[in-house]
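Reckoned from all heavy atoms, side chains included, excluding hydrogens, waters and symmetry mates.
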Amino acid sequence: MDAPDNAHEFTVSELSSALKRSIEDQFGNVRLRGEISGWKVPASGHAYFALKDDAALIDAVMWKGGRARLNFRPEDGMEVVATGRLTTYPGRSKYQIVVESLELAGEGALLAMIERRKAMLAAEGLFAAERKRPIPWLPELIGVVTSPTGAVIRDILQRLGDRFPRDVLVWPVKVQGDGAADEVAAAIRGFNAMPRRPDVIIVARGGGSIEDLMAFNEEIVVRAAAASEIPLISAVGHETDTTLIDFASDRRAPTPTAAAELAVPVRAELVAGVSSFAARLDRCIASATETRAERLRLWSARLPTPVAILGMKTQRLDDIGERLPRALRAAANQWHSRYARAAEPLRAAMRSRIADARHDLAGAATRLRPTLLFSLAQRAAERTASSGRLLESLNPLAILSRGYAVVTRPDGSLVKSAGEARREVRLGLRFGDSRDPVEVAVGAKPRKSAPQGDTPLQAKLL
C-alpha cells in the first residue's frame with residue numbers, strides 16, 4: 001500500500017525524540033494533584049510511583065536528590081501536590097512526570113493520616129497507661145537523641161548544668177526530612193543495645209510546622225519508643241505541638257528545656273533539703289537526749305546507793321572467805337584416809353593375780369615353742385617344694401629329655417618351620433643330655449646303602 005503524499009518518514013528514535021521535545025516545550029513545569037500509588041524506592045535511591053485521581057493515572061519518578069529534601073514519608077493513598085516537568089520515557093513509549101518537589105495536598109489530609117495512624121497504634125496497646133514507666137529520680141547517664149547543631153542540645157545541656165550536672169551521651173540524628181525517622185528509631189534502639197545503657201533517654205526537637213515534625217509521627221519511631229526498655233521522655237516542638245511519639249513515650253515534656261527539668265532534680269534544692277533535714281535531726285536528737293537524761297536522773301534518785309546494796313553481801317563474803325580454807329583442808333584429809341583404807345586390799349589382790357598370770361604364761365610358752373617351730377618349718381619346706389615343681393614344669397629344656405630336639409641355625413637362632421630349614425645348608429640339633437648342639441649337613445648327598453630320596457634325618461627335619 002502506498003503512503004500518502006504528505007506523510008513524514010521517521011525512525012523510531014527520531015519520532016520519540018520529537019515527541020519528547022514537543023511535550024517538554026509545550027508544557028514545561030507543571031503541578032499535579034493526585035493520590036500516590038505504588039510508591040517504591042529501589043537500591044538506587046530514586047523513587048518510582050504513580051499519581052492518580054478518579055479518572056486517570058500518570059507515572060512519576062523522583063530522583064534521589066529531590067527525595068532527600070522531603071519532610072515527610074510518602075505512602076500509598078496519600079494525597080499530594082507534585083511539581084515537576086512532563087517528559088517521555090522512550091524505553092517504554094510512555095510519558096511521565098519527573099517530580100522535583102512533593103507536598104501534602106493540605107494540612108487536613110495530613111492530620112487525617114496522623115489520626116488514622118494514631119488509632120491503629122492505640123488499638124495495638126502502644127499508648128496504654130500501664131506501659132508507662134517512672135523516670136529515674138537521679139540518673140547517672142542521660143541519653144539525648146537530637147540534632148547536634150541546633151539550639152535544642154545547648155538548651156538541654158545548659159539546663160542540666162544549672163539543675164544537677166550529669167553525664168550526657170548525645171546520639172546525633174536528622175530531625176526532619178527524608179531518613180530522619182529511620183535515624184531517630186535507630187538511635188533509640190542503639191541506646192537500648194549499649195553495654196552501659198543510659199538511665200533515661202530524651203528525644204528532642206525544636207518547634208516547626210506539622211510537616212517539619214512528621215518524622216516523629218512515623219510508625220517506625222513510635223514503635224521504637226514503645227519498645228524501649230529505657231524510660232523515654234519526648235520533647236518535640238513547643239507546648240502546643242503534639243506528635244505520636246508523645247503518646248508512646250513514658251513522659252511528655254512541652255519543651256526540650258522542660259525535658260531536662262523532668263530528668264534531674266535541682267541540686268541546690270536537694271542540698272537545702274538535706275541541710276534542713278540534718279538540722280531537724282540534730283534538734284530531735286538533742287531533745288530526745290535531754291528527755292532521757294531527765295528520766296534517768298529521776299529513776300536514779302529512787303534507787304538505793306551501791307554501798308547500801310553491797311555492804312551486807314561484802315561482809316558475808318569476807319566471813320565465808322575466812323572459813324573456806326579450813327573446810328577444804330579438813331575435807332581433803334578425810335577423803336585421803338578413806339582412799340588409803342580402801343586401796344590396801346585392792347593392792348594385795350592385784351599382786352596375787354599378776355603372779356598367777358606370769359606363772360601360767362611361762363608354762364604355756366614352754367609347751368608351745370617346739371610345736372610352733374616345727375609347724376613353721378614344715379610349711380616353709382612345702383612352699384619351697386611346690387615352687388621347685390612349678391619352676392621345673394615351666395623350664396623349656398625339660399621337654400628335650402623326652403626325645404625332642406631344638407633345631408637352630410649356625411648362628412644359634414631358632415628354625416621354626418620346614419621352609420626355613422630347606423633354605424639352610426647346615427643345621428644344629430640340641431638334645432636334652434647336651435648343652436652344645438650337634439651340627440648336621442642338610443645339603444649332603446645320601447649314602448649308597450641308604451634308600452633313594454631324603455635321608456631319614458632330612459625327612460624328619462624337612
Side-chain angles (χ1 to χ4, degrees), residues 67-75 103-104 107 110-111 113-115 117-118 121 126-127 132 135 139 141-163 166 168-192 198-228 230-264:
R67 193 174 66 85
R69 294 192 296 271
L70 291 176
N71 55 10
F72 67 97
R73 182 189 293 269
E75 297 178 0
E103 306 172 355
L104 289 165
E107 185 172 325
L110 184 59
L111 291 175
M113 182 201 68
I114 293 174
E115 286 299 322
R117 185 176 294 166
K118 177 182 176 183
L121 296 175
L126 298 185
F127 303 155
K132 310 296 182 182
I135 305 301
L141 178 62
I142 300 173
V144 179
V145 179
T146 188
S147 172
T149 58
V152 171
I153 186 60
R154 293 194 297 271
D155 293 342
I156 292 176
L157 294 177
Q158 181 178 357
R159 196 57 176 160
L160 290 175
D162 294 340
R163 290 173 67 84
R166 298 279 87 184
V168 177
L169 186 59
V170 180
W171 196 299
V173 296
K174 292 168 58 177
V175 293
Q176 71 180 62
D178 187 50
D182 294 329
E183 291 189 13
V184 173
I188 296 174
R189 292 192 295 266
F191 273 135
N192 279 268
D199 301 305
V200 65
I201 298 175
I202 298 176
V203 180
R205 187 206 188 282
S209 64
I210 187 171
E211 291 84 0
D212 295 336
L213 304 180
M214 268 304 296
F216 300 92
N217 289 312
E218 297 293 345
E219 182 178 346
I220 186 174
V221 174
V222 177
R223 292 190 181 277
S228 175
I230 305 172
L232 188 142
I233 301 174
S234 63
V236 179
H238 296 303
E239 296 185 13
T240 56
D241 296 324
T242 302
T243 56
L244 295 184
I245 192 176
D246 295 332
F247 299 98
S249 62
D250 298 295
R251 289 289 298 274
R252 175 188 180 271
T255 62
T257 303
E261 295 175 355
L262 289 175
V264 295

### Task
Check whether any side-chain heavy atom of Val203 lies under 4.5 Å from a side-chain heavy atom of Val221, and answer yes or no.
no
### Query
Any side-chain heavy atom of Leu121 within less than 4.5 Å of one from Arg223?
yes
### Summary
The complete set of ring pair (Phe, Tyr, Trp, His ring centres under 6.0 Å) pairs with one or both residues in residues 201-225, sequence neighbours excluded, reads none
### Message
Quick check against the 3.5 Å criterion: does Arg159 have a side-chain atom that pairs as donor or acceptor with the backbone of Ala260?
### Response
no
### Query
Under a 4.5 Å cut-off applied to non-hydrogen side-chain atoms, are Val152 and Arg205 in contact?
no
#### Entry: Student check: side-chain heavy atoms of Gln176 and Asp212 closer than 4.5 Å
yes
### Message
Quick check: do Phe191 and Val145 have side-chain heavy atoms less than 4.5 Å from each other?
### Response
yes
### Query
Could you give all pairs that pass the ring pair (Phe, Tyr, Trp, His ring centres under 6.0 Å) test and reach residues 142-162, with sequence neighbours left out?
none
### Message
Could you measure the distance from the CG atom of Leu141 to the CD1 atom of Ile201? Nearest 0.5 Å is fine.
### Response
10.0 Å
#### Entry: Distance (rounded to the nearest 0.5 Å) between Thr146 OG1 and Ile153 CD1
6.0 Å
Going by atom type alone, with no hydrogens or angles, which donor-acceptor pairs under 3.5 Å involve a side-chain atom of residues 233-242 and a protein atom two or more places apart or on another chain?
from   : atom 1 : to     : atom 2 : distance (Å)
Ser234 : OG     : Asp246 : OD1    : 2.7
Ser234 : OG     : Ser249 : OG     : 3.0
Asp241 : OD2    : His238 : N      : 2.8

#### Entry: Side-chain heavy atoms of Thr257 within contact of Gln158, under 4.5 Å
no
### Message
Could you measure the distance from the CD atom of Glu183 to the CD1 atom of Ile220? Nearest 0.5 Å is fine.
### Response
11.0 Å
